[in-house]
Amino acid sequence: MIKIRDIYKTYQGGSTAVKALRGVSLDVAKGEIYGVIGHSGSGKSTLIRCINQLERVDSGQIFVGGNNTNNDITKLPESKLRRKRSQMGMIFQHFNLLNNSNVYQNVAMPLVYYRVNKKEIAARVKNLLELVGLWEKRKAYPSELSGGQKQRVAIARALANNPDILLSDEATSALDPDTTESILALLKEVNQKLGITIVIIAHQMSVIKDICSKVAVLHEGIIVDQGQTVDVFTNPTHHVTERFANSLFQAERLQDILSSGHIRNICAAGGTVARFLFRGSSADEALISQISRDFNVDVNVIFGNIVLFGKEPIGHLYVAISGSDDNINKAVAYAQSRGVLFSRINTNATSDKKASLDAND
Amino acid sequence: MQTIETLLPNVVKYWDVFLQAIIDTLIMVSVTLALVIIFGTLIGIILAVISKGHLYQNAILNAIIPKIVNLFRAIPFVILLALLLPFTRLIVGTAIGVPGAIVPMVIAMTPFVSRQIELTLLEVDMGVIQMARSMGFSKPYIVLRIMLSEARAGIIRSFVISSISIVSFATMAGVIGGGGIGDFAIRYGYGRMMTDITFVSVIVLLVLVFSMQGIGNFILRKTTH
């Protein structure tokens, strides 16, 4: 659906040039919800604006809706580009509704521009406002709506032209957690009911894990990790991805717990502190009690949690294992054979207040 | 009737001249306002869209046009009246009377209004403009249907403010042969010490200003949210 190939974008700001995108490539398949996550300044907003060419790229190609050069929107002249844009809806962090127009007029706006006849406009607007649950509010003005309602109107408006693609630029960043959840549920509904491909830009992990099946992690204009959302965050290869994953699993709290006396004693006695990640079927087994029994090791649960990626639960458990080295290694090997991701925590480094994960899984 | 004649003897005596003066002022103000709205909006739009980062950003035009506009704003109106004499003659054939007053008034007011229109247009959220572009709207449509519509409160307000300035300018223009209430009040009220004429002239001007303000506020209430 969307194929981005090696795009570069630099902003010239007086004497300094900001390299916003440095060779970004990604593919979004039809019907997918694709997330792009990154800290502010990572270039993610530029990236989504390149997809509908609100920002022109310096070099690279972006194919939308096909692979031939007619679909490379970086090469299209203004008139054709505008037509292409009309097939992509976009929603924004600050909603960008027309304040002097009511809800109905806001949703009807793109239809009026494209000279759809009045009857059809009325029918379509009614459908859309019913989809987002705001038909009763059709005569209200934006100033009379809550943030969540405004975003619903914006979503209805973005869908008015029957787009194939919906671009969401930090659409939930200005909303509270409950409202965020309901907007995400609406986006998911739109994706499933209407089959619209959605590209989501976010800096919040909750957004990505809730609805994005695939994700790209953007850092300083480069994609540092990409793939299935669960894979990317259970097995991060870049420190930025790891930080996002840690925030999701609350791993930053590990530090405090590791410095507690009891855990120190285990470490001092040659025990191992490790992280187990359970996903899918491995989450169903009584693994901890099993390895404890079968390999004669003591497993001390430090802390853990379960995070839902869409509907898939990912269990995350920090444990301190004590026993003979041989037994510990056998236990670990067994756990890994059961599909559990294992990583050893380097506790020697805790003295310098730097616990890091060994990448031996 | 008798009491009016005792209280305002000169107003009654020169009633015909006074009436003509009011009509002249109304014509000067309304024609000037109409032209200023047209030119001011046009130049205001141009000023806004050529600015950096806007729809038609253009560094060269943006270096020239605002300077010209500022230049005209810097010249005091009374000086402008004198300065524009040859130009006024060229445009309307005469430098005196109502037509002779309208030309310098339009030229004095247009930069003022266009700057205000520019400011209100620049206040329209760039996000809204981006949204319109993301829907594939053409740039002229965005300017005329989205920006003007979103900025209409500020635009109407600037028209109200300018119409009041125009009344004041019309009074001044009267002094150098434009006619109108200003001219009438100076020639009769001040020149011949007919205080009642000055007094009534002021009342008429105040009524004019307040009614324009009232109409402006009414339109504002009807069109914005």
Side-chain angles (χ1 to χ4, degrees), chain A residues 11 13 45 48-49 51-55 73 76 78-103 105-107 109-115 139-145 153-154 157-161 163 165-170 174, chain B residues 41 45 48-60 62-63 117 119-160 216-225:
Chain A
Y11 292 106
S45 270
I48 201 167
R49 278 170 168 68
I51 296 178
N52 61 6
Q53 289 288 287
L54 287 179
E55 298 280 0
I73 60 166
L76 290 182
E78 177 80 12
S79 59
K80 282 187 182 160
L81 175 61
R82 290 214 309 270
R83 175 151 311 164
K84 206 83 185 170
R85 277 179 183 157
S86 71
Q87 296 157 18
M88 293 185 260
M90 188 168 189
I91 53 175
F92 303 84
Q93 180 173 6
H94 298 297
F95 325 122
N96 296 342
L97 300 180
L98 301 183
N99 291 318
N100 281 332
S101 302
N102 64 24
V103 167
Q105 291 163 333
N106 263 292
V107 178
M109 180 182 66
L111 300 168
V112 171
Y113 178 83
Y114 289 103
R115 308 228 165 103
K139 288 192 176 129
Y141 283 85
S143 57
E144 301 160 331
L145 300 177
V153 176
R157 180 179 63 185
L159 298 176
N161 276 329
I165 296 167
L166 181 64
L167 305 172
S168 161
D169 183 19
E170 297 273 9
Chain B
T41 308
I45 290 173
V49 297
I50 60 169
S51 62
K52 194 163 184 285
H54 221 288
L55 285 173
Y56 294 92
Q57 67 167 315
N58 185 316
I60 299 166
N62 201 32
I117 303 280
L119 284 181
T120 50
L121 286 178
L122 288 181
E123 264 170 37
V124 174
D125 192 353
M126 278 312 280
V128 168
I129 294 165
Q130 271 195 356
M131 172 277 297
R133 289 182 60 210
S134 79
M135 291 186 163
F137 292 4
S138 71
K139 288 179 184 179
Y141 187 91
I142 294 174
V143 174
L144 298 174
R145 297 300 296 277
I146 309 276
M147 286 173 64
L148 285 183
S149 163
E150 280 294 281
R152 65 193 179 213
I155 291 173
I156 292 168
R157 229 172 266 133
S158 81
F159 289 160
V160 172
N217 287 341
F218 176 77
I219 297 174
L220 214 54
R221 258 203 316 281
K222 283 285 162 199
T223 56
T224 55
H225 293 272

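Note on naming: letters A, B, ... go to the chains in the order of the sequence lines (proteins, then strands), and numbering restarts at 1 for each one.
A/N96 CG to B/I129 CD1: the interatomic distance, rounded to the nearest 0.5 Å, is 10.0 Å. To the nearest 0.5 angstrom, B/D125 atom CG is 10.5 Å from A/L97 atom CG.
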One pair to check against side chain to side chain contact (heavy atoms under 4.5 Å, CB included): A/R82 and B/M135. What are the steps and the verdict? CA-CA 8 Å; A/R82 290 214 309 270; B/M135 291 186 163; over 6 Å; no
Would you check, one step at a time, whether the test side chain to side chain contact (heavy atoms under 4.5 Å, CB included) holds for A/S86 with B/F137? CA-CA 8 Å; A/S86 71; B/F137 292 4; over 6 Å; no
Run the side chain to side chain contact (heavy atoms under 4.5 Å, CB included) check on B/R133 and A/R85 step by step: do they pass? CA-CA 8 Å; B/R133 289 182 60 210; A/R85 277 179 183 157; 3.6 Å; yes
Please lay out, stage by stage, how B/S149 and A/L98 fare under the test side chain to side chain contact (heavy atoms under 4.5 Å, CB included). CA-CA 9 Å; B/S149 163; A/L98 301 183; 5.7 Å; no
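Environment of CZ in B/R152: crowded, with over 12 heavy atoms of neighbouring residues, nucleotides or ligands closer than 6.0 Å.
By number of non-hydrogen pairs under 4.5 angstrom with chain B, the leading residue of A/N52, A/L167, A/N99 is A/N99. Highest contact tally toward chain B, considering only A/P110, A/A154, A/P163, is held by A/P110 [criterion: heavy-atom pairs under 4.5 Å].
Among all heavy-atom pairs drawn from A/L54 and B/S134, the shortest one is CD2-N, 3.9 Å.
For A/R49, the part sitting under 4.5 Å from any heavy atom of chain B is the side chain, from C-beta outward, and nothing else. With a threshold of 4.5 angstrom between heavy atoms, A/F95 does not approach chain B through any atom at all. With a threshold of 4.5 angstrom between heavy atoms, A/E144 does not approach chain B through any atom at all.
With B/M131 as the fixed residue, the side chain to side chain contact (heavy atoms under 4.5 Å, CB included) test singles out one of A/H94, A/M90, A/M109: A/M109.
Below 30°, between 30° and 60°, or above 60°: for B/Y141 and A/Y113 the angle between ring planes is above 60°, a perpendicular geometry.
B/E123 meets the side-chain contact (heavy atoms from CB on, under 4.5 Å) test with no other residue; sequence neighbours excluded. Looking at residues two or more places apart in sequence or on another chain, you find a side-chain contact (heavy atoms from CB on, under 4.5 Å) between A/E170 and A/K44, A/Q93, A/S173, A/I201, A/H203.
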